[in-house]
Enquirer: 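Right, I'll just put the structure down here and ask away after.
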Amino acid sequence: MSDRKPLIAGNWKMNLDHQQGIALVQKLAWTLKDVNHDFDLVEVAVFPPFTDLRSVQTLIDADKLPLVLGAQDLSKYDSGAYTGEISGAFLKKLDVRYVLVGHSERRQHHHEDDELIQAKVASAFKHNLIPVICVGETLEELESEGAAAVPIRQLSKALAEHKEIGEFVVAYEPVWAIGTGKVATSEQAADVAKKLRETIRELVSEEVAAATRILYGGSVKSANVAGFLVSDEVDGVLVGGASLDVEEFTGICRFQKHVTL
Ligand code: 13P
């Protein structure tokens with residue numbers, strides 16, 4: 001086992017209004033407490049839509065819940081005439097710790113390119129947020145270039161040209177595995193994670209490579225999570241659909257119950 005703390009991250013995507021979000025977080029906190037989840041050993045974060053963040057933050061704060069808050073995106077700008085954009089400064093003010101950057105759904109539906117993603121990573125560092133840099137190949141890219149080439153290219157661009165590199169997390173999410181029920185094999189996920197770590201070693205440093213958590217995402221369920229986390233290379237999971245179901249997500253948080261080391 002590596003000494004990196006596993007991170008279980010639930011990306012709600014565009015699901016749950018703020019009232020539904022509060023209900024889910026309350027139930028999740030009770031359920032994890034009931035099963036004596038040790039948050040010092042396995043970190044659990046939720047990534048609600050922007051409109052839920054204030055409500056969820058207030059709940060976490062008032063009830064002193066050990067859950068961590070993440071956001072799904074941020075602007076590359078700090079403030080100004082950018083209608084519809086959300087500044088990293090606003091997220092920080094809401095005790096947001098993590099922010100997804102470059103999720104494949106943003107790359108695909110909002111045409112986010114590597115340059116914009118690099119600027120968003122810079123903005124996250126600037127506002128003391130931890131970017132969760134999402135990388136992954138499409139089915140066509142998998143067939144033409146293999147599994148690791150595109151994720152390595154995307155990560156290299158996201159990490160290029162920063163004056164200072166703060167803490168970050170990488171999420172390897174093969175596009176063909178998102179919401180499809182198709183999953184990468186645990187060997188594929190571990191192999192790409194290992195190559196991404198080598199990329200960090202080359203681009204940043206040995207120390208940062210050793211400390212950075214690399215997650216797998218794409219159709220993760222309580223029934224398959226353990227397979228991904230047996231490898232020392234994979235330090236957690238980024239969960240979409242299954243994070244909306246408290247029992248499923250709790251099962252994922254308790255992956256160590258299924259991992260036989
Ligand atoms: P699913 O778990 O629904 O496949 O989504 C994965 C994902 O995109 C998480 O960011």
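In listed order, ligands and their atoms are each counted from 1.
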Enquirer: At a non-hydrogen distance cut-off of under 4.0 Å, which region of Ala177 contacts ligand 1 (side chain, backbone, both, or neither)?
Expert: backbone

Enquirer: Heavy-atom contacts with Asn11 under 4.0 Å: which atoms of ligand 1 show up? List them by number with element.
Expert: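 Near Asn11, the atoms of ligand 1 are 9 (C), 10 (O).
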
Enquirer: For the pair Arg197 and Asp235, find out whether any cationic side-chain nitrogen is under 4.0 Å from an anionic carboxylate oxygen.
Expert: yes

Enquirer: After noting the C-alpha distance and the side-chain angles of His110 and Glu105, does the key distance pass the side chain to side chain donor-acceptor pair (under 3.5 Å) rule?
Expert: CA-CA 8 Å; His110 301 270; Glu105 287 151 15; over 6 Å; no

Enquirer: Please determine if Gly217 has a nitrogen or oxygen closer than 3.5 Å to a nitrogen or oxygen of ligand 1.
Expert: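 Gly217 vs ligand 1: no N/O contact under 3.5 Å.
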
Enquirer: What's the shortest distance from atom 2 (O) of ligand 1 to any protein heavy atom, and which residue and atom give it?
Expert: Gly240 N, 2.9 Å

Enquirer: For Ile178, which part has a heavy atom under 4.0 Å from ligand 1: side chain, backbone, both, or neither?
Expert: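 Both backbone and side chain of Ile178 come within 4.0 Å of ligand 1.
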
Enquirer: Would you mind listing which atoms of ligand 1 come within a distance below 4.0 Å of any non-hydrogen atom of Ser219?
Expert: 1 (P), 2 (O), 4 (O)

Enquirer: Which ligand 1 atoms does Gly241 reach within 4.0 Å, using its non-hydrogen atoms?
Expert: 1 (P), 2 (O), 3 (O)

Enquirer: Test of understanding: with side-chain contact (heavy atoms from CB on, under 4.5 Å), list the residues that count as partners of Ile130, not counting sequence neighbours.
Expert: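 Counting only residues at least two positions away or on another chain, Ile130 forms a side-chain contact (heavy atoms from CB on, under 4.5 Å) with Arg97, Tyr98, Glu167, Val169.
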
Enquirer: Under 4.0 Å between a side-chain nitrogen and a carboxylate oxygen: does that hold for Arg213 and Glu43?
Expert: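 Glu43 and Arg213: salt-bridged.
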
Enquirer: Can you spot which of Glu115, Glu85, Glu112 makes a salt bridge (Lys or Arg N to Asp or Glu O under 4.0 Å) with Lys120?
Expert: Glu112

Enquirer: Students should be able to answer this: which protein heavy-atom is nearest to atom 7 (C) of ligand 1, and at what distance?
Expert: Glu173 OE2, 3.0 Å

Enquirer: Would you check whether Lys13 has a nitrogen or oxygen atom less than 3.5 angstrom from a nitrogen or oxygen atom of ligand 1?
Expert: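 Yes, there is a polar N/O contact under 3.5 Å.
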
Enquirer: Mind checking the NE2-CG spacing from His37 to Leu67? Nearest 0.5 Å is all I need.
Expert: 8.5 Å

Enquirer: Measure the distances from the heavy atoms of Gly218 to every atom of ligand 1 and state whether one is below 4.0 angstrom.
Expert: yes

Enquirer: Going by distance only, is there an N or O of Leu238 that falls short of 3.5 Å from an N or O of ligand 1?
Expert: no

Enquirer: Please report the C-alpha distance between Glu137 and Glu145 in whole Å, then the side-chain angles of each, then the deciding distance to 0.1 Å, and finally whether the side-chain contact (heavy atoms from CB on, under 4.5 Å) criterion is met.
Expert: CA-CA 9 Å; Glu137 78 289 353; Glu145 300 187 65; over 6 Å; no

Enquirer: Should you measure from each heavy atom of His103, which atoms of ligand 1 turn up under 4.0 Å away?
Expert: 7 (C), 8 (O), 9 (C), 10 (O)

Enquirer: What is the ring orientation for His162 with Phe125, classed by angle as parallel under 30°, tilted 30 to 60°, or perpendicular over 60°?
Expert: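 The arrangement is perpendicular - the two ring planes meet at more than 60°.
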
